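Before any comments, here is the structure.
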There are 2 protein chains.
Amino acid sequence: MPKITFFNLPEDKRENLVHAAKKEFARVPLNQASISNIIKDAKIPRGSFYQYFDDKEDAFFYLLNSHVSAYKMHFLETLRKNNGDIFDAMIDFYTAIITEEKENLQFLRNLFLNMTHRIETVMARSFSENDLNENFRKIGNLINKEKLNVMDEQELFHMMQIISSVTFHNIVKKFAGELPFEAAVTNYRTEIYLLKKGFLSQ
Amino acid sequence: MPKITFFNLPEDKRENLVHAAKKEFARVPLNQASISNIIKDAKIPRGSFYQYFDDKEDAFFYLLNSHVSAYKMHFLETLRKNNGDIFDAMIDFYTAIITEEKENLQFLRNLFLNMTHRIETVMARSFSENDLNENFRKIGNLINKEKLNVMDEQELFHMMQIISSVTFHNIVKKFAGELPFEAAVTNYRTEIYLLKKGFLSQ
DNA sequence: ATTTTATATGACAACGTGTCACATGTCAAT
DNA sequence: ATTGACATGTGACACGTTGTCATATAAAAT
């Protein structure tokens, strides 16, 4: 978490700094990003940066968290729009992510191509966590379970885990530049379809 | 790839260096590993390191590749032992990975908790690739497709993609230390079971 | 023996990080 | 207005790491 000083900053100065950080993390992934670049771009002295953040990662995770919050809202909305159909919602969501604009796109690209467990934990707070916690419940309640082949909360939880694994992986593949947009969506649709019908014939 | 000089090295000196590198990459993940530590441990001058490798990553991926080759063989064997039952084979394989010994375990831990796309690409060469390539065919041929709810090679490929996503994710969770051994296996079994039966009721 | 080629070595420049002593600003109390 | 207390700004600096390069040494070829 950024220090209090950061939040006490006059808005324009704070936004300026945030913008410089965003730019650097859009340029290269976390491990290659340099504080030097950020302060050079934001035109603040080195010491000031440390007045606001503990270190590079602190700044990165601050940005990441705001991204995640936005996507979380977006996802809940998408789920509602699709009347609780988790599969259609995921497809919408997937499409939205890989259709981001310029700067966000580069940020996301660096993010997904360098997805450490620590980052994943923050990301996944959106819709799955270690325990069946609040976020999971919120989403769980929105999901239409009528046609779902699910016995209990446990199974639902694991289904969400699977869907999230598969989605993450598809996003990564897309960002790896291995596929054009249409092919990426088709592939994802296929995998969702396979998840629905199951791997064993009845 | 290491340079020719590396392979021309007398065996003991080479193994010494490899061991030092292994030790460093078991200590910390790639991005935190330092060449300084490796050469200090291997007792070779700095210049020599660059005679053998391009950089840190070169050394890392050399080690990774040998790991992967070993696991690849192991996996094919496991698949045969299970008479082509991909699900049982995966469960065996999963169990084997999370049951590794000391140094390997730490190496794998750092690996999976910091799985970049580049690393994943190397790892996944074992049993899935962009195209339906040789490795995929080799495994595809070993898989018993009798009871598999699969229409064509395409679907089989995507099933493998899904299984691999889910497996990766389960390994990461285990290494994140969130679960004791038994719970980890149970969870993985549950997810494989869910994949088999499908998410929609017929 | 002499030349050519391969390998070894460590000092060095360039760069990035986090800290710290000191400068400056803010504001309430007197 | 002046003071003092506290918050914030600043940049030089020590430290660690990386990759290179000129030079030394060894090995092979002629």
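Lettering follows sequence order; numbering is per chain, from 1. For clarity, every value in this text was computed on a predicted model and none was experimentally measured.
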Mind calculating the distance between [atom1] ([X]) and [atom2] ([N]) to the nearest angstrom?
X: B:Ile39; N: D:dG19; atom1: CD1; atom2: P; value: 11 Å
X: B:Leu17; N: C:dA8; atom1: CG; atom2: P; value: 11 Å
X: B:Lys43; N: C:dA8; atom1: NZ; atom2: C1'; value: 18 Å
X: A:Ile4; N: D:dG9; atom1: CD1; atom2: C1'; value: 15 Å
X: B:Leu30; N: D:dT18; atom1: CG; atom2: P; value: 11 Å
X: B:Phe53; N: D:dT18; atom1: CZ; atom2: P; value: 14 Å
X: B:Asn31; N: D:dT18; atom1: CG; atom2: P; value: 12 Å

Check the angle between the aromatic planes of A:Phe107 and A:His67 and answer parallel, tilted or perpendicular using the 30° and 60° thresholds.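 Parallel: the ring planes of A:Phe107 and A:His67 meet at under 30°.
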
Under 30°, 30 to 60°, or over 60°: which ring-plane class applies to B:Phe112 and B:Phe175, parallel, tilted or perpendicular?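 B:Phe112 and B:Phe175: parallel rings.
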
With sequence neighbours excluded, what pairs up with B:Gln106 under the side-chain contact (heavy atoms from CB on, under 4.5 Å) test?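 Only B:Ala26, B:Arg109 meet the side-chain contact (heavy atoms from CB on, under 4.5 Å) criterion with B:Gln106.
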
Quick one: side-chain contact (heavy atoms from CB on, under 4.5 Å) partners of A:Glu100, sequence neighbours excluded?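 side-chain contact (heavy atoms from CB on, under 4.5 Å) list for A:Glu100, sorted by chain: A:Tyr71, A:Asn104, A:Leu105, A:Leu108.
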
Is any side-chain nitrogen or oxygen of B:Asn8 closer than 4.0 Å to OP1 or OP2 of C:dA6?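 For B:Asn8, the contact criterion (side-chain N or O under 4.0 Å from OP1 or OP2 of C:dA6) is not met.
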
Salt-bridge test for A:Glu103 and A:Arg27: reply yes if a basic N is under 4.0 Å from a carboxylate O, no otherwise.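 No, A:Glu103 and A:Arg27 are not salt-bridged.
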
Which letters describe nucleotides 9-21 of chain C, given B = protein heavy atom under 4.0 Å from base, S = only from sugar-phosphate, - = neither? BB-----SBBB--

Under 4.0 angstrom, heavy atoms only, what part of the nucleic acid is A:Leu9 near: base, sugar-phosphate, or nothing?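 The residue A:Leu9 makes sugar-phosphate contact but no base contact.
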
Say whether B:Glu120 and A:His169, considering side chains only, have a donor N or O and an acceptor N or O under 3.5 Å apart.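 Side-chain D/A pair, B:Glu120 to A:His169: present.
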
